[in-house]
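Encoded as structure tokens, the structure appears first; notes follow it.
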Amino acid sequence: MNKKSSQPKPLGAYDHKKVEVAWQKHWSKKKTFQAQDDPKKKKFFGLIEFPYPSGDGLHVGHPRPYIGMDVIARKRRMQGYNVLYPIGWDAFGLPTENYAIKTGIQPSIVTKKNTDTFRRQIQSIGVSFDWSREINTTDPAYYRWTQWIFLQFLKKGLAYKKKMTINWCPKDLIGLANEEVVNGCCERCGTPVEKRTKEQWMLAITKYADRLDKDLDTVDFLDRIKTQQRNWIGKSEGAEIRFALKDRSEKIEVFTTRPDTLYGVTYVVLAPEHSLVSSLLASVENKAEVENYIGEVKKATDIERTDAKKEKTGIELKGIKAINPINQEEVPVWIADYVLADYGTGAVMAVPAHDERDHAFAKKYGLPVRAVIESLSSQTEGPDAVKPELPFVERRAVICIIKHWSEDKYLMSFYKANDWKGFIVGGLEGDETPASAGAREIHEETGYTSARFVRNIGKLHSKFYHQVKSVNRFAHFEIAYFELTDGKRDEVSEEEKKLHDVVWLSPQEVAAAANRADIIRAWDFFTRGTCYTGEGLLVDSGSFTGKESESSKKTITESAKGRWVTTFKLRDWIFSRQRYWGEPIPVVHCDLCGIVPVPEKDLPVKLPTVKNYKPTETGESPLAAISKWVNTTCPNCIANKKKPKYLIFDFDGVLGDTWDVMNSSKVKMGVASSIEDAQVSSLAHFEKKPMETRTENMTPEEAAKRQQWIATFGRHMAETKFGLFQGFVKELKKIKNAKLAVVSAGSAQYVLPALKKSGLKFTHILAYEDHHSKEEKVEKVCKDWGIDVTDAYYFTDTKADVLELEGIMNKDKIIGCAWGYHGFDRLKEILPEKQILLKFNDIRPVLNLDCTAKRETDTMPNWAGSSWYYLRYADPKNTKMFADPKKLDYWTPVDWYNGGMEHTTLHLLYSRFWHKFLFDLGLVPTSEPYQKRTSHGLILAAGGEKMSKSKGNVINPDSIIETVGADSLRLYEMFMGPFDQPIAWNTDNIAGVRRFIERVWKLREKVVTSETKPGTTEAKIIHKTIKKVSDDIEAMRFNTAISSLMIALNELEKNESIRQGSYEMLLQLLAPFAPHVTEELWSSLGNKDSIHASPWPVYDPTLAVESEATIMVQVNGKIRGSFVAAVDTAREELERLAQEYPEAKKWLEGKSVTKVIVVPNKLVNIVVV
RNA sequence: GGUCACGUGGCGGAAUUGGUAUACGCGUACGUCUCAGAAGCGUAUCCCGUAAGGGUUGGGGGUUCGAGUCCCCCCGUGACCACCA
């Protein structure tokens, strides 16, 4: 190849097809964009939201964020950073599964096909992703770690199962998180959501709510993103206050953010679902009505119930009274649908005077309204602002709102001296009422004679500086409403006229004109009604009367023995999906052990393959595969199999009285029921004889009942016993290493021969029975069993025996099998906690004979795999860990994460939550995953709608790349409008950027390598552009960056030639946007290394500085012309030049100049009269 | 109903801290090149007016020497939330 100094080789016409694919292959071969795990280099981790590879293929909206971040990533590389810009596939999800249902093709195959298409398409755009780190959430090697993280949540108690009513989409057959329900409909398909009860996996994100809120202060997210997250978390502080119930032990706990209004409580409301309701119901006088009401509420759908426009309904629990802890007042208790069960405590204290919802409810049901707060405002601005150094002088006063006699206008008074724009006000003299004082003031100040007092609007306290009297005034106003009946008016004194003007204004004008806090409040009261929800002065509030409400919140809470608490709107995350195409939740449900996590070494729990799957008319779900998937072994049971040393059996039940237990066991054993009488009799060890029972400890009634029972079931007992032993012994034969048995002597005659026949070698016998004498028992057992009497123990139910038993059992692990009330229940009490106690049935899984454990069939939601994927990029092939801590140390946190606004509340919050959890486990180095978060706007179809296959308005990038090339596509996507705003696609406009590229290509012909002296204009243009492009890229103002490049080109084209250095810099600035064509031109100039590895041009301010500035000349703010002056010409000089400027002179004739404003290098404004 | 954005030519959109409104691009018109067309190149392109000049950033008001930009009211569009006590 040529050296840099050699003559540039000639180029043909620009042909994007020749240029683009060739360079893409070249970069791939040279691994130009692969990140290196080299801790010595400064790193940059740029991230985009990895796509969901839908069957529709890529449309032109997808790549905009990729290209935007690509521009930044490429610039960072040129700035010398070791850049990690990775991509992968968020490939689990409903559309793929639905597609599988429709076509019968397995989701895994569909996913493979779709990712292949997406990969090809993205690669054809020339985004500088590091493809060697590609990940896929549906790859078992990936979701193994998603499952692993879930197990860590489980271990820490942050994953739990909860029976709950869930939002169920009847079309998608899927449980939805609250976040996925939009206006009561399924987020994805719009079907109205139903309620169903189901056990669901939950993740306790609420445990992190406070930190998720607080730590937003530490990251560089766009403000609107932070605001949205904060709103979603919904932190609010308030008090939990307990209302005792009259003559009852229960208490109602309420949450309120306004404990200061406690004295205004006139009733208490429970949510219809509140747990207390059912226990109160028994003693409610109107029980039937209440039950009926609750039924009605439950019937209503969520859409109906949460419709804020809907009228609130409720019903009183008659006969129940709550006691207000602050004043021991009894108030009624209601249930109502406007109270939400799952926020706060599910109960509220109602303060109708100061809460709009309570107010509406109280008005509807005739409940009392008691005002306890009066507005208090303080003037902080203007000449009336309170002067802190002066004391307050208190005074009672009136604010008069006066209506015009014929129009909808109100009288305002504009005081000239102190810029007061308000209503007529005045102090109350002597024993005047607001009505009389108001009428007097109206007459004195305005002359109107027909003011008729209508009503008091409310009270209002105000602090301000009284300019006329030169004191701080603390006024206690009554707002009085007057109407004029006519316009008759007396003459007003000259003094009053001097003080103020009187004007009539429409309601809108009043609101706009009022310029004092108290006047604005008064008007607000008048227009909005009596429910005052603001802060103010406490009245009618016991010892708190006269205090300010805001500062009394905590003290009132204390007085009421309440607690100050923080609550959140955020709910725990419903983590279960009843779908096939998601990560299986890695746990096993064992009858014996309950929920058992799959051991980490056994991960991943893979999805079952859907075999021979044929689509049906109705569209059967791949969930069918799960039916073959559920039976498994319990890992716990397998693990324990090697451990048991002792077996404890108690056969009390066999002879005893628990027929039900045996009967159910019989069925499970599957043998007893088929035994005939004849067979039973033929068995040597079985004595068929009537059931005997001892009745000496029973009451006559019990004894009679027992006799009856024996008469009915006696024969079945015998059969059952037989069957049990047969089956039992069969199982026992498989026990190899047990050492100890506990038997009941009562059953010894049947049990011991059977045990013996099994060939077991028990070393100890524990006889556990209290019916027979010790001697008889031990002797018989030992004899039958053939063991030494010293190895036998005998117990009764006394406490001493229990202790002895514990001693024998010692530290060894014990598997127990026991029945009956003497056996199982008793042993359960006495066994140390860690030992495992089993019922007879349970012995089967313990022995791993045919363990009946079932796999969890719920899968994880889509959000799971995307909650940690960025971590995997740091070390995507690791098989030991989700990522090597050293690599995480180097690469994380993500320096810049760009994504859609639609993901700010869900994905962003969820992944921050996972990250914080991993941080707490010491597995990631930072507490926040993303240092910086920006967002892009969606690309819409030409009509402004979203692009979707169903609407048929999708533009495929393939055809654009085919006709104009990837570089043109990229430039257009960046140039079309502001990056963060939604914008409609317009294919016609691509012509402009394509022309631009062609002109850059043509400019290559003018490149000269000669040593001619650099033209200053050229350097100036280039350096101005360097600055503009550099700054704009950082701020994601890609559209203006490109426009400045176009401006530069327009300028440079005018010259006969361009220096190679300048041209190269232009190419470098353009390279992040149009990587292929710039690489081609760069190479054609003899450069050996890639333009994308070249150093980003450095802005030289001295070269960009202009020597002259255009100075605008304004006369009275109007532009009258401009002149050119040297940069940094002195103000005085500019002023002089401007006044002598002929165009300006024309406008100055006959006028006198009062003022001249000079803005250096910009303008001179001459103000004339 | 609440919160937050936003409103500029025929169209997408520019406009540092308030300082030449309509940059850049599309489209359109005319010209040039051509046998012709396409592409290219050149000129023009907010409105009224021949011009001087005047008007214009959804509407109205305010602050300012000066407002697309700051403040208030109204209208409209979009996003998110929606009885959160």
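No hydrogens, no waters, no symmetry mates; every other heavy atom, side chains included, goes into these values. Order of the sequence lines fixes the chain letters, A, B, ..., with proteins taken first and strands second; residue numbering starts at 1 for each chain.
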What's the gap between [N] and [M] when it is taken at their [atom1] atoms, as a whole Å value?
N: B/rG7; M: B/rU17; atom1: P; answer: 16 Å
N: B/rG60; M: B/rA82; atom1: C1'; answer: 32 Å
N: B/rC47; M: B/rG10; atom1: C1'; answer: 13 Å
N: B/rG78; M: B/rA67; atom1: C1'; answer: 25 Å
N: B/rC70; M: B/rU8; atom1: P; answer: 15 Å
N: B/rU63; M: B/rC71; atom1: C1'; answer: 7 Å
N: B/rC73; M: B/rU3; atom1: P; answer: 12 Å
N: B/rA39; M: B/rA51; atom1: C1'; answer: 40 Å

Nearest-angstrom distance from the residue atom [atom1] of [X] to [atom2] of [N]:
X: A/Met974; N: B/rA14; atom1: CE; atom2: P; answer: 14 Å
X: A/Leu940; N: B/rA79; atom1: CG; atom2: P; answer: 10 Å
X: A/Leu938; N: B/rG78; atom1: CG; atom2: P; answer: 15 Å
X: A/Lys312; N: B/rA85; atom1: NZ; atom2: P; answer: 14 Å
X: A/Asp355; N: B/rG2; atom1: CG; atom2: C1'; answer: 15 Å
X: A/Met1112; N: B/rG19; atom1: CE; atom2: C1'; answer: 10 Å
X: A/Asp980; N: B/rC80; atom1: CG; atom2: P; answer: 16 Å
X: A/Asp1032; N: B/rU16; atom1: CG; atom2: C1'; answer: 11 Å

With a 3.5 Å limit on both atom pairs, tell me what [N] is paired to, counting Watson-Crick and G-U wobble, or say none.
N: B/rU77; answer: B/rA5
N: B/rC41; answer: B/rG31
N: B/rC84; answer: none
N: B/rA14; answer: none
N: B/rG19; answer: B/rC65
N: B/rC46; answer: B/rG55

Quick one: do [X] and [Y] make a salt bridge, cutoff under 4.0 Å?
X: A/Arg563; Y: A/Glu240; value: yes
X: A/Arg258; Y: A/Asp358; value: no
X: A/Arg1136; Y: A/Glu1132; value: no
X: A/Asp15; Y: A/Lys17; value: no

[X], [atom1] atom: more than 12 neighbouring heavy atoms under 6.0 Å:
X: A/Lys235; atom1: NZ; value: yes
X: A/Lys364; atom1: NZ; value: yes
X: A/Lys251; atom1: NZ; value: no
X: A/Arg242; atom1: CZ; value: no

Could you tell me whether the side chain of [Y] reaches within less than 4.5 Å of the side chain of [X], counting heavy atoms only?
X: A/Leu212; Y: A/Ile205; value: yes
X: A/Val348; Y: A/Thr256; value: no
X: A/Asp213; Y: A/Arg230; value: yes

According to a strict under-4.0 Å criterion, is [X] in side-chain N/O contact with OP1 or OP2 of [N]?
X: A/Ser236; N: B/rA85; result: yes
X: A/Lys1118; N: B/rG55; result: yes
X: A/Asn231; N: B/rG2; result: no

Mind checking if [X] touches a base, just sugar-phosphate, or nothing, with heavy atoms under 4.0 Å?
X: A/Asn1039; answer: sugar-phosphate
X: A/Arg999; answer: sugar-phosphate
X: A/Ile1119; answer: sugar-phosphate
X: A/Ile990; answer: nothing
X: A/Val1159; answer: base
X: A/Arg230; answer: nothing
X: A/Ser1122; answer: nothing
X: A/Lys1028; answer: nothing
X: A/Thr256; answer: sugar-phosphate

hbond_proxy [X] side chain to [N] base (donor-acceptor, 3.5 Å cutoff):
X: A/Asn989; N: B/rC26; answer: no
X: A/Lys1155; N: B/rC65; answer: no
X: A/Gln1114; N: B/rG19; answer: yes

Of the listed nucleotides [options], the one nearest the side chain of [X]:
X: A/Ile1047; options: B/rC80, B/rG13, B/rA23; result: B/rA23
X: A/Asn1165; options: B/rC24, B/rC65, B/rC84; result: B/rC65
X: A/Ile1157; options: B/rA23, B/rC83, B/rG19; result: B/rG19
X: A/Arg1120; options: B/rG54, B/rC81, B/rC83; result: B/rG54

**Message:** Please classify B/rG9 as syn or anti, treating any glycosidic angle within 90° of 0 as syn.
**Reply:** syn

**Fill in**
Its contact letters, B for base, S for sugar-phosphate only and - for none at protein heavy atoms under 4.0 Å, make nucleotides 5-10 of chain B read ------

**Complete:** Nearest-nucleotide check on RNA chain B, A/Pro978 vs A/Thr227; residue mapping nearer the 5' end is A/Thr227

**Asked** Taking for each residue the nucleotide of RNA chain B with the nearest heavy atom, is it A/Thr257 or A/Arg995 whose nucleotide lies nearer the 5' end?
**Response**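 First, find each residue's nearest nucleotide; the 5'-ward one identifies A/Arg995.
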
**Asked** What class does the angle between the rings of A/His903 and A/His907 fall in, given that below 30° is parallel, 30 to 60° is tilted and above 60° is perpendicular?
**Response** perpendicular

